[in-house]
Amino acid sequence: MEPQPRFRLDATTLDAPDAHELAQFYQGLLGWPIRKEEPGWVEIAPPDGGAGLSFQTEPLFTRPQWPSTRSEQQMMMHLDIEVNDLSSAVEHALVLGAKVMDFQPQDDVRVLCDPAGHPFCLFVRTGPSA
């Protein structure tokens, strides 16, 4: 029996009308440098290594709807981003171009959307693993 091949998640890719604009937003939010850049494609990653985020220009991109409805483009995934101070993190994201979503399902998490409309959550880790 052959050994299982090695798998390692390298990045999550977000489609957008303009990959460079969305990458700039997440660079400002996360503080990560560009790992690779070419026409219609940008990769950012944490400076200490690990999986990053990639952005791909998609001319037919349709903004997802949050919360989901049957008649509109549904969210396919979202990013959970841990922060150390929820209110200041939300303010920082807003300055960069994020929008706080009207529907907030949890008191200790803030759902926002990036400039392309992808929902993402900001939260402060609590409990024993904090």
Side-chain angles (χ1 to χ4, degrees):
M1 183 165 149
E2 291 186 32
Q4 179 176 333
R6 181 183 71 88
F7 292 89
R8 182 179 73 89
L9 180 64
D10 186 63
T12 298
T13 302
L14 299 175
D15 288 351
D18 185 315
H20 297 275
E21 286 180 11
L22 192 57
Q24 186 175 28
F25 169 80
Y26 280 101
Q27 270 191 287
L29 189 70
L30 300 170
W32 293 355
I34 292 175
R35 178 166 57 186
K36 182 178 181 182
E37 186 172 14
E38 55 190 53
W41 181 266
V42 181
E43 297 174 15
I44 65 172
D48 56 352
L53 287 174
S54 297
F55 308 92
Q56 174 176 282
T57 297
E58 172 52 63
L60 300 178
F61 178 78
T62 300
R63 292 173 71 93
Q65 176 67 38
W66 169 257
S68 296
T69 66
R70 291 193 185 278
S71 62
E72 305 220 23
Q73 175 63 45
Q74 293 183 6
M75 169 184 72
M76 298 297 192
M77 52 80 65
H78 71 274
L79 302 174
D80 287 336
I81 301 171
E82 181 181 351
V83 298
N84 63 349
D85 180 278
L86 190 56
S87 61
S88 66
V90 168
E91 289 304 315
H92 180 67
L94 293 174
V95 166
L96 293 170
K99 177 183 171 199
V100 175
M101 303 307 290
D102 292 334
F103 179 63
Q104 297 291 325
Q106 298 167 277
D107 291 335
D108 58 346
V109 175
R110 286 297 160 269
V111 180
L112 296 92
C113 71
D114 65 28
H118 299 285
F120 66 94
C121 296
L122 299 179
F123 72 97
V124 174
R125 187 170 306 278
T126 59
S129 64

Mind checking who shares a hydrophobic cluster with Phe123, ILVMFWY linked at side-chain heavy-atom distances under 4.5 Å? Val109

Taking all non-hydrogen atoms of both residues into account, name the closest pair between [X] and [Y] and its distance.
X	Y	value
Pro47	Trp32	CD-CD1, 4.1 Å
Pro17	Ala116	CD-CB, 4.1 Å
Ala51	Ala11	CB-N, 4.4 Å

When you measure from the side chain of [X] to the backbone of [Y], do you find a donor-acceptor pair of N or O atoms at a distance under 3.5 Å?
X	Y	result
Glu58	Leu60	yes
Arg8	Gly50	no
Thr57	Asp18	no

Contacts of type side chain to side chain contact (heavy atoms under 4.5 Å, CB included), residue [X], not counting sequence neighbours:
X	answer
Pro59	none
Asn84	none
Leu94	Val90, Glu91, Val100, Leu112
Ser87	Asp85

Any chain of hydrophobic side-chain contacts (each under 4.5 Å) joining Leu96 to Leu30? yes

For residues Val83 and Leu53: do they belong to one hydrophobic cluster (side chain heavy atoms under 4.5 Å, members Ile, Leu, Val, Met, Phe, Trp, Tyr)? yes

Can you name the residues that form a side chain to side chain donor-acceptor pair (under 3.5 Å) with Gln56, not counting sequence neighbours? Asp15

The reported gap from OG1 in Thr13 to CZ in Phe55 (rounded to nearest 0.5 angstrom) is 9.0 Å

To the nearest 0.5 Å, tell me how far Leu29 CG sits from Gln27 CD. 11.0 Å

Determine which pairs satisfy salt bridge (charged side-chain N to carboxylate O under 4.0 Å, His left out) with at least one residue from [range], sequence neighbours left out, and list them in order.
range	value
residues 19-31	none
residues 94-116	none
residues 23-50	Asp10-Arg35, Arg35-Glu43, Lys36-Glu38

Aromatic plane relationship, His118 with Phe61 - under 30° parallel, 30 to 60° tilted, over 60° perpendicular: tilted

Might you work through the side-chain contact (heavy atoms from CB on, under 4.5 Å) test for Ile44 and Tyr26, ending with a clear yes or no? CA-CA 8 Å; Ile44 65 172; Tyr26 280 101; 3.8 Å; yes

Taking the six-membered ring for Trp, are Phe25 and His20 closer than 6.0 Å centroid to centroid? no

Could you walk me through whether Leu79 and Leu14 pass the side-chain contact (heavy atoms from CB on, under 4.5 Å) test, one step at a time? CA-CA 10 Å; Leu79 302 174; Leu14 299 175; 4.3 Å; yes

Sequence neighbours excluded, which residues qualify as ring pair (Phe, Tyr, Trp, His ring centres under 6.0 Å) partners of Phe7? none

Would you indicate whether the side-chain heavy atoms of Pro115 and Leu22 approach each other to under 4.5 Å? yes

Phe120 and Cys113: CA distance, side-chain angles, deciding distance, side-chain contact (heavy atoms from CB on, under 4.5 Å) verdict: CA-CA 6 Å; Phe120 66 94; Cys113 71; 5.6 Å; no

